[in-house]
Amino acid sequence: MFASKFPDANKTIYTLVNRDSTDANGTQITLPYIAGQKYWDLWNGKEIVPQISGSNAALNFKIEGYGFGAVLVANGTAKPATLTAFLTKMAVMSKRGLKTYSASWEPATQQMLPIAKTKLAVKQPAGMLRIPAVKGYNFESVGVMIEGNELPPAVGCNTHGRAILHGRRNIQWTLLHFILINTR
């Protein structure tokens with residue numbers, strides 16, 4: 001079991017990861033007991049009643065094999081305002097175990113949505129900086145710009161691992177280095 005702690009002034013969130021293939025039942029985390037603190041199982045969407053033993057509060061809940069858990073510890077007896085709706089949603093979502101979902105990757109269905117054209121500013125908007133055009137500008141971007149092994153033929157992929165995109169500007173995209181070069 002692996003855990004991370006995210007403290008704030010009046011609350012702390014703990015995230016847990018079960019790296020074992022078997023479900024973990026019972027005490028998942030033991031914390032120092034502080035009178036007046038409340039505990040919520042964020043993953044399963046319910047309040048946790050701690051088992052107090054001396055100066056410790058043991059929190060008991062289930063984390064499925066290769067699954068996750070999250071606990072909110074809040075000072076005071078009041079439940080945070082937005083928590084009720086979140087716990088209700090998580091209680092419904094966590095009824096189906098993660099193991100019941102397929103582990104094989106499939107592309108997510110995507111759909112283009114129309115976006116209204118932005119109105120041109122008459123004057124420079126507050127907080128924005130004007131950057132004048134530069135001749136011979138080279139833009140380099142490093143990272144994963146395209147998922148998968150090859151570009152589709154519609155993009156213009158040739159046999160040398162390079163793609164040429166044609167438009168108002170001649171842009172050459174070198175896939176090996178993920179570099180965009182504006183050649184004007």
Side-chain angles (χ1 to χ4, degrees), residues 1-116 118 125-129 139-151 175 177-180:
M1 191 72 64
F2 293 87
S4 298
K5 178 180 179 181
F6 300 92
D8 194 7
N10 296 317
K11 59 189 172 298
T12 301
I13 292 179
Y14 295 88
T15 57
L16 298 101
V17 179
N18 182 358
R19 296 287 308 265
D20 195 352
S21 61
T22 59
D23 294 349
N25 294 296
T27 301
Q28 303 302 333
I29 189 168
T30 301
L31 304 170
Y33 173 68
I34 299 173
Q37 284 189 329
K38 298 289 255 174
Y39 307 86
W40 288 277
D41 176 348
L42 298 177
W43 188 267
N44 294 300
K46 56 188 170 187
E47 187 172 350
I48 300 172
V49 177
Q51 302 298 312
I52 308 302
S53 177
S55 62
N56 292 321
L59 305 182
N60 301 313
F61 53 96
K62 177 183 174 182
I63 301 178
E64 70 176 305
Y66 299 125
F68 303 95
V71 172
L72 169 65
V73 180
N75 296 332
T77 57
K79 184 187 290 188
T82 57
L83 189 59
T84 301
F86 176 77
L87 291 174
T88 302
K89 184 174 184 176
M90 289 305 297
V92 171
M93 290 175 57
S94 63
K95 284 185 180 183
R96 181 175 175 190
L98 294 176
K99 290 180 184 178
T100 66
Y101 293 94
S102 172
S104 61
W105 180 87
E106 292 182 22
T109 304
Q110 300 180 26
Q111 181 178 351
M112 296 286 289
L113 298 176
I115 298 174
T118 304
M128 306 217 55
L129 179 66
F139 174 76
E140 179 178 323
S141 180
V142 179
V144 178
M145 277 60 81
I146 296 180
E147 296 180 36
N149 296 329
E150 298 179 41
L151 286 175
L175 295 177
H177 300 286
F178 296 109
I179 297 173
L180 285 173

Rounded at 0.5 Å granularity, tell me how far [atom1] in [X] sits from [atom2] in [Y].
X	Y	atom1	atom2	result
N60	Q28	CG	CD	8.0 Å
E64	N44	CD	CG	9.0 Å
K38	L83	NZ	CG	11.5 Å
F6	T12	CZ	OG1	11.0 Å

Using side-chain hydrogen bond (donor to acceptor under 3.5 Å, both in side chains) as the criterion, list what pairs up with Q51, not counting sequence neighbours.
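Here no residue qualifies.
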side-chain hydrogen bond (donor to acceptor under 3.5 Å, both in side chains) against S4, all qualifying residues, sequence neighbours excluded
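By the side-chain hydrogen bond (donor to acceptor under 3.5 Å, both in side chains) rule, S4 matches no residue at all.
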Minimum heavy-atom separation for [X] to [Y], with atom names?
X	Y	answer
K95	A91	CG-O, 3.2 Å
P50	L59	CB-CD2, 3.7 Å
D20	N18	N-OD1, 2.9 Å
M1	A24	CE-CB, 3.7 Å
A58	T27	CB-CG2, 3.8 Å
N56	P32	OD1-CA, 4.3 Å

Under the criterion side-chain contact (heavy atoms from CB on, under 4.5 Å), I'd like the reasoning laid out for Y39 against I29: C-alpha separation, chi angles, the key distance, then a yes or no.
CA-CA 12 Å; Y39 307 86; I29 189 168; over 6 Å; no
Validation row: [X], [Y] side chains within 4.5 angstrom (heavy atoms):
X	Y	value
Y101	R96	yes
L72	F86	no
L31	Y14	yes
I63	W43	no

When you look at L98 and Y66, which way does the side-chain contact (heavy atoms from CB on, under 4.5 Å) test go after all the steps?
CA-CA 8 Å; L98 294 176; Y66 299 125; over 6 Å; no
Just to verify, what does D23 make a salt bridge (charged side-chain N to carboxylate O under 4.0 Å, His left out) with, not counting sequence neighbours?
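Partners of D23 by the salt bridge (charged side-chain N to carboxylate O under 4.0 Å, His left out) criterion, ordered by chain and then number, come out as K62, K99.
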Could you check whether any side-chain N or O of Q37 sits under 3.5 Å from a backbone N or O of V73, counting only pairs where one atom can act as donor and the other as acceptor?
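Not confirmed, Q37 side chain does not pair with V73 backbone.
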Applying the side chain to side chain contact (heavy atoms under 4.5 Å, CB included) criterion to L87, which one of T82, V92, D41, L42 satisfies it?
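Running side chain to side chain contact (heavy atoms under 4.5 Å, CB included) over T82, V92, D41, L42 with L87 returns exactly one hit, L42.
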